[in-house]
Amino acid sequence: MLAEPFVHPALFYRGDREYVAATTAFVRAGLALGEPVAVAVPAANLALIEAALGDDAKSVQLLDMQEAGRNPGRIIPAVLRDFADRHPGGHVRIIGEPIWAGRTDTEYGAAAQHEALINWSFAGRRVTILCPYDAVRLAPEVIDEAARTHPVLRDATREWPSADYAPELVVSGHNLALGEPAEFVSLRFDRTNLSEARSLAAGQAALMGFSGDRLDDIRLTVAELGANSLDHGGGSGTVRIWVEDGRMVCEVSDSGHITDLLAGRRPVDPRHAGSRGLLIVNLLSDLVRVHTRVGATTIRAYFDIPS
């Protein structure tokens, strides 16, 4: 039996020296083989890698994960698949660091699910995605969970198979009921008044200082979530809007059940017809959280309020 061509190791590093040594060795090994290489890590780490690579950095696609991956739900379609799909046929190398010290608890659940879902998204692909984890600054439970989302583990001295690999447990373990807001505005909608849900969201967003394209993004997000409720969630839903930790939250709930683990994370060819509502939501929002079960789905889209 041939080995799985997709390789997804977690790198547990301690300090900048270990980080730079491991990541630059990974990059240079790919460049030596003529492989396309991308690096998507937080800004401070990106600067370390770029400086250490010197002229070799010109041959690498460099992305600030704090921007490109601020919403973990957009990393697979807009970062990883976007790069890998532009280089079909050969082997592709990517460094992706979606979990860093400073991620909020709300963001972490989405990021952990993302790490698990990578394994299904790239199964059978000739791709290696190395995911660094700061073993000093991240909580022990985060490191433990990395062993469940990565089949291969590395540190500064060795590599070994993960005995705890079970990505499905991470996806289900973070599919939790979302906490209740203290105050909110809401509207029950169906096919007769979906436009009112869009207007409610836009009106609340304008009061919070959103304008221009970002205001349009919020209006479109609620429209897409509402359309999904009409088509797949029983024909009606409820939109609720509130402020939480400097973000506007737009929540849509209905009686549907999302069973496709990669819903909203597959790039869609614009030439082909088909649903892309949740993909649009992931691409536009600063964070997306989902809780789904038989007979009920809640999706929250978060937008950073302008300072």
Measure across Arg74 and Asn282 and return the closest heavy-atom pair with its distance rounded to 0.1 Å.
-> CB-O, 3.4 Å
Kindly say whether Ala38 contributes a backbone atom to a donor-acceptor pair with the side chain of Arg93 at under 3.5 angstrom?
-> no
Is there a salt bridge (charged side-chain N to carboxylate O under 4.0 Å, His left out) between Arg103 and Glu97 once you walk through the steps?
-> CA-CA 12 Å; Arg103 279 282 204 192; Glu97 189 171 4; over 6 Å; no
Taking all non-hydrogen atoms of both residues into account, name the closest pair between Ala227 and Leu194 and its distance.
-> N-CD2, 4.1 Å
salt_bridge(Glu183, Arg240) N-O dist < 4.0 Å | no
Asp304 with Arg247: basic N within carboxylate O range, under 4.0 Å | yes
Report yes or no: does Gln113 contribute a side-chain atom to a donor-acceptor pair with the main-chain N or O of Val171 at less than 3.5 Å?
-> yes
In short, Val239 meets Ala197 closest at the heavy-atom pair CG1-CB, 3.9 Å
Rounding to 0.5 Å, atoms NE2 (His8) and OG1 (Thr149) come to a distance of 6.0 Å
Give the minimum heavy-atom separation between Glu115 and Tyr133, together with the two atoms involved.
-> OE2-OH, 2.6 Å
Does a salt bridge link Asp286 with Arg214, judged by any charged N lying under 4.0 Å from a carboxylate O?
-> yes
Testing Val92, Ile94, Ile95, Asn119 for side-chain contact (heavy atoms from CB on, under 4.5 Å) with Ile129, which one passes?
-> Ile94
Under 3.5 Å, side chain of Asp155 to main-chain N/O of Arg158, donor-acceptor pair present?
-> yes
Report, as yes or no, whether the 6.0 Å neighbourhood of atom CG on Asp245 holds more than 12 heavy atoms from other residues, nucleotides or ligands.
-> no
How about Arg137: does its CZ atom have over 12 heavy atoms from other parts shown lying under 6.0 Å from it?
-> no
Asp82 with Arg86: basic N within carboxylate O range, under 4.0 Å = yes
For residues Ser229 and Asp254, is any side-chain donor paired with an opposing acceptor at under 3.5 Å?
-> yes
Tightest non-hydrogen contact, residues Trp120 and Glu168, listed as CH2-N, 3.6 Å
NZ/NE/NH1/NH2 to OD/OE distance under 4.0 Å, Asp85 and Arg125 | yes
Does Asp144 CG have over 12 foreign heavy atoms under 6.0 Å away?
-> yes
Evaluate the ring planes of Phe12 and Trp160, with Trp represented by its six-membered ring, and classify them as parallel (under 30°), tilted (30 to 60°) or perpendicular (over 60°).
-> tilted
Where do Gly109 and His174 come nearest, in terms of heavy atoms and distance?
-> CA-ND1, 3.5 Å
Looking at CD1 of Ile299 and CG of Leu225, how far apart are the two atoms once the value is rounded to the nearest 0.5 Å?
-> 5.5 Å
Flag for Arg265-Ser121: side-chain donor and acceptor within less than 3.5 Å | no
Give a yes or no on whether the backbone of Thr104 and the side-chain of Glu107 come within a donor-acceptor separation of less than 3.5 Å.
-> yes
Thr297-Thr292 side chain donor-acceptor pair, cut-off 3.5 Å = yes
Val27 vs Asp56 side-chain heavy atoms within contact, under 4.5 Å = no
